[in-house]
Novice: 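First the structure, then my questions, so here it is.
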Amino acid sequence: MGVSTSAPDKGIAVVTVDFPPVNALPVRGWYDLAAAVRAAGADPEVRCVVLTAEGRGFNAGVDIKEIQRTAGHDALLGANRGCYEAFAAVYDCEVPVIAAVHGFCLGGGIGLVGNADVVVASDDATFGLPELDRGALGAATHLARLVPQQLMRALYYTSRTVTAEELHRHGSVWRVVPRERLLDAALELAREIAAKDGQLIRLAKAAINGIDPVDVRRSYRFEQGFTFEANLSGVADRVRDSFGRNDPGRGDGAVAEDGSVAKDSAAGTSRESSQDSGSGSGSGSGSGKSSDAAREGLASDTDKEQQP
């Protein structure tokens, strides 16, 4: 359990996240992830990094239970800073980063994926920011790198999710494959990148970051200020305390008692059995093929795992 790094091929580092049951990362986990990505990028032998995860989903965001059970604001501040460091590590990595995404990618997962150079996803992957359902804000900066502006706003305000296929149509997902082919597909692209000259690929990464129209670090930090304001005002606690409850008034972010996931997206609504659910981005998480039940099941499992 935790963050590990492997080298399956010459010039390629694979950073794997594994925080059962749903990869809702504690404060320490975000810092460990940041350190692993930075170390991989600093290795002169590495020309491409693949970011992946074990378990049922890529990332469920912040461990909200850690924040709830910690007195004061230390855990919240730690989560905010940890997410900032992890997102920045992916963006600033000296070599290209490929995010290999399966299952749910919520909250902080959007921050990681939005800052990655390339996204490869399994056909069951869903992406979203259920922040407004979790008493938080943030990562709109990164969602805006995946979808057009008005769609980003609609997804953010409703906590809906989008599917990998939908993002592929928008051009933000390079390739969609069956889950069992995900790592192979990511490594196939990584090998193609790693075949380039190591010094030149680093210059290319720096050059592309340098012409980015949005300063993602500053933009995300700005968002985080509103999260802290929501906490000081008490509204964050009010919303966060309802996390995991079956409240019809909360819309798509509600969690079903039976662990089923209500998939409410632009394409339509359906319900399927699931044990998965999401958290936040250090500042929120949820739409597309995502659902109430998916996030509820995730909430249920997170509750069980994170109770002291």
Novice: Using modelled atom types and a 3.5 Å cut-off, is there a donor and acceptor pairing between side-chain atoms of D117 and backbone atoms of V97?
Specialist: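 The answer is yes, because a donor-acceptor pair under 3.5 Å joins these two groups.
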
Novice: Could you report the tightest heavy-atom contact between V239 and G135, atom names first, then the distance?
Specialist: CG1-N, 3.3 Å

Novice: How about Q199: does its CD atom have over 12 heavy atoms from other parts shown lying under 6.0 Å from it?
Specialist: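 No.
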
Novice: What are the two closest heavy atoms between I201 and R47, and how far apart are they?
Specialist: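 Residues I201 and R47, closest heavy atoms: CG2-O, 4.1 Å.
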
Novice: Just do the salt bridge (charged side-chain N to carboxylate O under 4.0 Å, His left out) check on R217 and D215 with the steps written out, would you?
Specialist: CA-CA 6 Å; R217 305 174 209 79; D215 184 335; 3.4 Å; yes

Novice: Using 4.0 Å as the upper bound for N to carboxylate O, is an ion pair formed by E45 and K10?
Specialist: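 So K10 does not pair with E45 through a salt bridge.
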
Novice: For the pair E94 and R38, find out whether any cationic side-chain nitrogen is under 4.0 Å from an anionic carboxylate oxygen.
Specialist: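 R38 and E94: not salt-bridged.
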
Novice: Are side-chain heavy atoms of R145 and D212 found at a separation under 4.5 Å?
Specialist: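 Yes, at least one pair of side-chain atoms sits under 4.5 Å.
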
Novice: Between H170 and E165 (side chain of the first, backbone of the second, donor and acceptor by atom type, cut-off under 3.5 Å), is there such a pair?
Specialist: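 No; zero donor-acceptor contacts below 3.5 Å.
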
Novice: Please round to the nearest 0.5 Å and tell me the distance separating atom CZ of R28 and atom CZ of F19.
Specialist: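 With rounding to 0.5 Å, CZ (R28) is 9.5 Å from CZ (F19).
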
Novice: Above 12 or not: heavy atoms from other molecules or residues under 6.0 Å from CD of Q149?
Specialist: yes

Novice: Is the shortest heavy-atom distance from the side chain of Y31 to the side chain of L25 under 4.5 Å?
Specialist: no

Novice: Identify the heavy atoms of A24 and V62 that sit nearest to each other, and give their distance.
Specialist: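 Closest heavy-atom pair between A24 and V62: CB-O, 4.0 Å.
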
Novice: State whether the number of non-hydrogen atoms from other residues, nucleotides or ligands found under 6.0 Å of R179 atom CZ is greater than 12.
Specialist: yes

